[in-house]
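For reference, the structure discussed in these notes is given below.
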Protein chains: 2
Amino acid sequence: METRQRQADRSRETKRKLMEATVECLVERGWSGTTTTEVAERAGVSRGAQLHHFRTRGELVAAAVEHVGAESVEVLKRRAEIAEKSTHAVVELIADFHASDLFTAALELWVAARTDPELREQVLELQARLGREVYGLALELLDVDDTRPGVKDAVQATLDLVRGLALANQLADDAKRRAHVVRYWARMLEEQL
Amino acid sequence: METRQRQADRSRETKRKLMEATVECLVERGWSGTTTTEVAERAGVSRGAQLHHFRTRGELVAAAVEHVGAESVEVLKRRAEIAEKSTHAVVELIADFHASDLFTAALELWVAARTDPELREQVLELQARLGREVYGLALELLDVDDTRPGVKDAVQATLDLVRGLALANQLADDAKRRAHVVRYWARMLEEQL
DNA sequence: AAACAAACAGTCAAGCCTGCTTGTAAATGG
DNA sequence: CCATTTACAAGCAGGCTTGACTGTTTGTTT
């Protein structure tokens, strides 16, 4: 019984290492720098082992996409639990989340998916799922009801805004300006809700 | 005199074709799909001619970056001239501009530049220049003065928002939702300014 | 313990991308 | 009118990436 588990665990662990290496690679080297060889090396796994678990590059990336999604939601929820519940704190939380490495990896996938049919399907699905989840979480954190007129627009605009801020933060460190805009937006939002 | 011009013209035309093919390729195939071979073929130019004008891939892309920048500003200004001057119309104009192919090409460069040191320098410079230009144009179009408190934040937030909207529009057609958010924000902005 | 399956290591061939080199025609300048 | 320069064509070499293939170890089942 135990031995049976041991192999399954080892297998899962290798897969996890490969997926995390993929994400790490996406962040550090970008989409085109994320080669199977590079990922295998980073994961400390042989090409053979990699190919055993993920037959093609596409499969590996698909798994990594899922991994990013699952991790994203989990991280955000965890942070939300310990966060202050003021409008400003919540907007800041969501904005900071979008400035993390996880968003960077997601952005790489997002952009790559635009011109990669196979990836596109997966990322579209992930986007929809993740989008809903984040939207719901935002509603919950802001403690508002989106059946009230205007609330839906306000929350959606907020999410679009933080995505735009995150984009501007990719090339240069934009934390200061971001904090400023977030403060402005939070005041704005508070009046609305 | 005429003959002297002929060669220079031909040269410039070939360069232009190569740069436009690069942008077109960025939009259709993305950064990693934008290979020198592909660009040369699209431009209807031999590899030799391409290499004659742009010794390296980096040089070609650098030129394309400039091309994107110049074209972006020009296009936006041209559209602005014939546009209505209401807050909603202006926000819509800027949002639509960010949903164009030009933005898609810029986004490809932007994301690629994050992990490409050489490209990074160029795109950072372009970003700063283009950012200022668009900001100035937004001020002008909205007919506001950014020395007045709050105006700067409002305009910056607007630009961040449209960038976020543009991002969401990359994978799936988001025009309907975008229009909705734009309308919402335009109302909001009008009160602010 | 023996047969079978899964995990893993290492190497190989095919394909693609980039930049270089050789070759040709046209244009410019003296 | 000729020498030189410029614009362009075409093919080639080296390097990298991907997926496949072969062999070995570890685990599972009976």
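Note: hydrogens, waters and symmetry copies are ignored here, and every other heavy atom, side chains too, is used. Numbered from 1 within each chain, the chains take letters A, B, ... in sequence-line order.
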Starting from [atom2] on [N], measure out to [atom1] on [X] and report it in whole angstrom.
X	N	atom1	atom2	value
B:Leu51	D:dA10	CG	C1'	12 Å
B:Arg57	D:dG15	CZ	P	19 Å
B:Gln50	D:dA9	CD	C1'	13 Å
A:Lys17	C:dA7	NZ	P	14 Å
B:Glu118	C:dT18	CD	P	13 Å
B:Arg16	D:dA7	CZ	P	17 Å
A:His53	C:dA6	NE2	C1'	9 Å
A:Arg55	D:dC21	CZ	P	12 Å

**OP:** May I ask you to check if B:Arg57 and B:Trp31 form a cation-pi contact, with NZ or CZ under 6.0 angstrom from the six-membered ring centre and within 45° of the axis?
**Re:**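 Geometry flag: set, cation within 6.0 Å and 45°.
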Side-chain N or O of [X] closer than 4.0 Å to phosphate OP1/OP2 of [N]:
X	N	result
A:Arg10	C:dA6	no
A:Ser46	C:dG10	no
B:Ser11	D:dA7	yes
A:His52	C:dA7	yes
A:Thr14	C:dC8	yes
A:Thr56	D:dG19	no

Original post:
What nucleic acid atoms does B:Thr35 come within less than 4.0 Å of, heavy atoms only: base, sugar-phosphate, or nothing?
Top reply: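 Sugar-phosphate contact only - B:Thr35 comes under 4.0 Å of backbone atoms but never of a base.
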Original post:
Is there a donor N/O on one and an acceptor N/O on the other, under 3.5 Å, for the side chain of A:Arg47 and the base of D:dG19?
Top reply: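 Such a pair exists between side chain and base.
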Subject >> Flag side-chain contact, heavy atom, 4.5 Å: A:Leu26 against A:Thr104 >> reply: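 A side-chain contact under 4.5 Å is absent here.
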**OP:** By nearest nucleotide on DNA chain D, pick out whichever of A:Gly48 and A:Ser32 is the more 5' one.
**Re:**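 This one resolves to A:Ser32.
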**OP:** Identify which one of B:Arg177, B:Arg178, B:Lys176 satisfies the salt bridge (charged side-chain N to carboxylate O under 4.0 Å, His left out) criterion when paired with B:Asp174.
**Re:**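 Testing B:Asp174 for a salt bridge (charged side-chain N to carboxylate O under 4.0 Å, His left out) against B:Arg177, B:Arg178, B:Lys176 leaves exactly one candidate, B:Arg177.
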Original post:
Sub-3.5 Å donor-acceptor pair from the side chain of B:Gln50 to the main-chain atoms of B:Thr36, do we have one?
Top reply: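 A pair under 3.5 Å: yes.
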**OP:** Write out all pairs satisfying side chain to side chain donor-acceptor pair (under 3.5 Å) with one or both partners inside residues 115-124 of chain A, taking only residues at least two apart or from two chains.
**Re:**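 Sorted result for residues 115-124 of chain A: empty, none.
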